[in-house]
There are 4 protein chains.
Amino acid sequence: MSSLRITVWGENVHEHSNSKVNEVYPKGMHVAIAEGIRRILPSAAVSTATLQETDHGLTPERLGETDVLTWWGHLAHDEVSDEVARRVQARVLEGMGLIVLHSGHFSKVFRLLMGTSCSLAWRDSGERERLWVCNPGHPIARGIGRCFELPREEMYGEPFAIPAPEEEVFISWFEGGEVFRSGCCWRRGNGSIFYFRPGHETYPTYHDDNVRRVIANAAEWARPRGAWVDSGPNAAASAERTSPR
Amino acid sequence: MSSLRITVWGENVHEHSNSKVNEVYPKGMHVAIAEGIRRILPSAAVSTATLQETDHGLTPERLGETDVLTWWGHLAHDEVSDEVARRVQARVLEGMGLIVLHSGHFSKVFRLLMGTSCSLAWRDSGERERLWVCNPGHPIARGIGRCFELPREEMYGEPFAIPAPEEEVFISWFEGGEVFRSGCCWRRGNGSIFYFRPGHETYPTYHDDNVRRVIANAAEWARPRGAWVDSGPNAAASAERTSPR
Amino acid sequence: MSSLRITVWGENVHEHSNSKVNEVYPKGMHVAIAEGIRRILPSAAVSTATLQETDHGLTPERLGETDVLTWWGHLAHDEVSDEVARRVQARVLEGMGLIVLHSGHFSKVFRLLMGTSCSLAWRDSGERERLWVCNPGHPIARGIGRCFELPREEMYGEPFAIPAPEEEVFISWFEGGEVFRSGCCWRRGNGSIFYFRPGHETYPTYHDDNVRRVIANAAEWARPRGAWVDSGPNAAASAERTSPR
Amino acid sequence: MSSLRITVWGENVHEHSNSKVNEVYPKGMHVAIAEGIRRILPSAAVSTATLQETDHGLTPERLGETDVLTWWGHLAHDEVSDEVARRVQARVLEGMGLIVLHSGHFSKVFRLLMGTSCSLAWRDSGERERLWVCNPGHPIARGIGRCFELPREEMYGEPFAIPAPEEEVFISWFEGGEVFRSGCCWRRGNGSIFYFRPGHETYPTYHDDNVRRVIANAAEWARPRGAWVDSGPNAAASAERTSPR
């Protein structure tokens, strides 16, 4: 197989406006996420893109050369242009993998692909989170034990307003008393989508070895599975007129 | 149970611009669809709404009083305002049932809820269609035999670019050699969605007894299932901050 | 709709061998479960059957007159005859609803229908369980708030070795640090299956109002959905030879 | 990745009792299936096993060294011992892939894993079958065009009494007027299962290039996905007692 091309997208706002975040992620959250993937998948071609770049760094050419895109956003979902959001959606339908991280649950891209509100309950009191593997044979859980912990995280609670996951890999337990479907898989068009819960900006979650392992596993799971379909039915929103066969 | 409130939405364009359509559906396709439902569900409260009305007849009040909405559109998908399309989407997530008919596969409403392109292959040569029941215990197939036929219909062929159906009720066989997933079910938020394939405007499909039976069955299946959730997590696209419990 | 006919099946062993269980359920756990359903569904026809009766109380006639069967077993799964287990499986495929309770996860009936090991992790230390609703529009969650608690229960933990649930209604949080998919739905043949976690024999779980509400809701949800199929393809394990149509 | 170890299991009865079958498959159907896989996956380690061998060739050791098992049976499903059938089921739950071919729909192994009757309608009149790809991005459809044809095959028709497929890859169109879900995917425990319809013993279906391509693609798709779980929850039908964490 050829080298896996991964683009790590970051909103890149908190890092410059919040000293606590800057302390945890001095080079930016996207850089930490990219470093984690590189360490586990040394042969992958990992690059980053941010909101502030032209086209948010996601030109058609760039997306065309991306096998898997990871998405972290929080404060500035509305600043992502509708055009770019729809372009990412179309590229997923064409076959690109997508990994949506934490507060990316409310991104335009994720909501366009899910079709639901993607709302949830939340509380940021720096509590303990334990992620349980509910599907130990799933490739995204490879190398993870029965569960792993993050000593301090934001809480996300059910109900999480998503379509029923096609495969569920992790469920979180929170010290304060809540649960959450933390690792969920869907197929849309030719593309594979994974949502992964942890990653609040004020905690060093993306420096955690288990979190890095999960993201790297997910990137491999989400790589395009089938033939590249240049002009196929999922590529564009047009119906095709056929002749009797 | 209280009376089932059904709103039949029609684009209502072909009927005035194409004499062939006008001949088959002189009062409009939506009127024929509504009549079919009334005949099978006499206790239901069935009304119609069309593109040409203010807000396309789908004001927040009207939607708030609708348990199940049926949708037929073809020529004028783009003339449906984004605001009304998103309003219908939100109402489905809140619990309203939605039945999407034939060329409604390309409506804004259906594509917003599916998140995919919803494209397909097609051919209009007036060929024979046979719809097979692949799930004989499903309530939408109640009263239908092993299969039923429509002597002349437009062909729709795979691949149909939809998320994997959660339940599949009908698969179509076409004289010209194609197949199609003709009756598909999904849940989104609190709402139930059914796509039903037949219904090209130039054929008397909505006068057919089996087609009418399926649409009426689907309306009963799609009625709101749970408690009414006034301000619940699916109702609006906002996350809720909670306190430790 | 005609009256819903519910048969509550109980293993009925602990009650006679363990004084603690006898204290909590002096008339038997099955009697407490049946009373709970009757209180919430007064028009339903609720009866009980136990392991000790001929055919474990589940003759073909009895099953033929049952719309929904609930199943609680623990110590004596192996004493259920293979013939009766297969008879129940066949009746579910024919359309009967099935509600599997707590330690019934290891019953012959549930394992035959799931096809997997149905194993899980467990600990009985009388800890607090909180059941979260992750699908608030689902009819099985009707009348339940965002979550409810049981002050003392046995813990069941992931991974729960089941096929991916088609709909998930509850996820449990345990005081000791585990999570569990506590309310799961599947369709098999013409029948509907619901697994519901709580119900260890030494705790008064089946006297709890929320637990009773869930079981009653599940019975309504699981009632046969479609036409009765007397000799249909799901009724028997035989293929049918057809002629060209 | 290490070499993919594939075992092709054949009932091997028709070949010796029916001269027509012997003419089409003089070395046995299993040999033809194995040859097809070898041609497309030259690096795979492909071997065969048959009903007549001790333990039907499927000892615990042999299964332990098998990544993917293909299964063809028809006349002699009942001659497969319950012990071996359950052993294969357990090995699938542990992670082995399983490809069930044609009349294998009624094998003990497939029915144990599905939990349903697996019945269908059928007719053998040597008619034309056309298999449509309904999921063009799926790896099992790699290298297959929009559809392919088999000039003469047995017909299988809906309803096919299986649990809802988690992914659907092919739907068949038959000359005589039927349709069938011909390529269906499920996950059970740690294992992946694919059912593929074509392959009646009197036609040269397993010499067909597209059929061979699909089986080889399916073998790659079904290879164990996750970590090997030696004593994990899916490996054995026992629950595990845990201590508070």
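Chain identifiers are assigned alphabetically (A, B, ...) following the order of the sequence lines, protein sequences preceding nucleic acid strands; residue numbering begins at 1 within each chain. None of the values given here were measured: they were computed from a predicted structure. All values below were derived from every heavy atom in this structure, side-chain atoms included, with hydrogens, water molecules and symmetry-related copies excluded.
The OG atom of A:Ser117 sits 9.0 Å away from atom CD of B:Gln89, with the distance rounded to the nearest 0.5 Å. Interatomic distance, A:Thr116 OG1 to B:Asn190 CG, rounded to the nearest 0.5 Å: 11.0 Å. Considering CZ of B:Arg188 and CD1 of A:Ile162, their distance stands at 10.5 Å, rounded to 0.5 Å.
In this view, A:Glu11 satisfies the salt bridge (Lys or Arg N to Asp or Glu O under 4.0 Å) rule with no residue, not counting sequence neighbours. Under the rule for a side-chain contact (heavy atoms from CB on, under 4.5 Å), the partners of B:Val109 that lie at least two apart in sequence or sit in another chain are B:Trp71, B:Ala85, B:Val88, B:Leu98, B:Ser107, B:Leu113.
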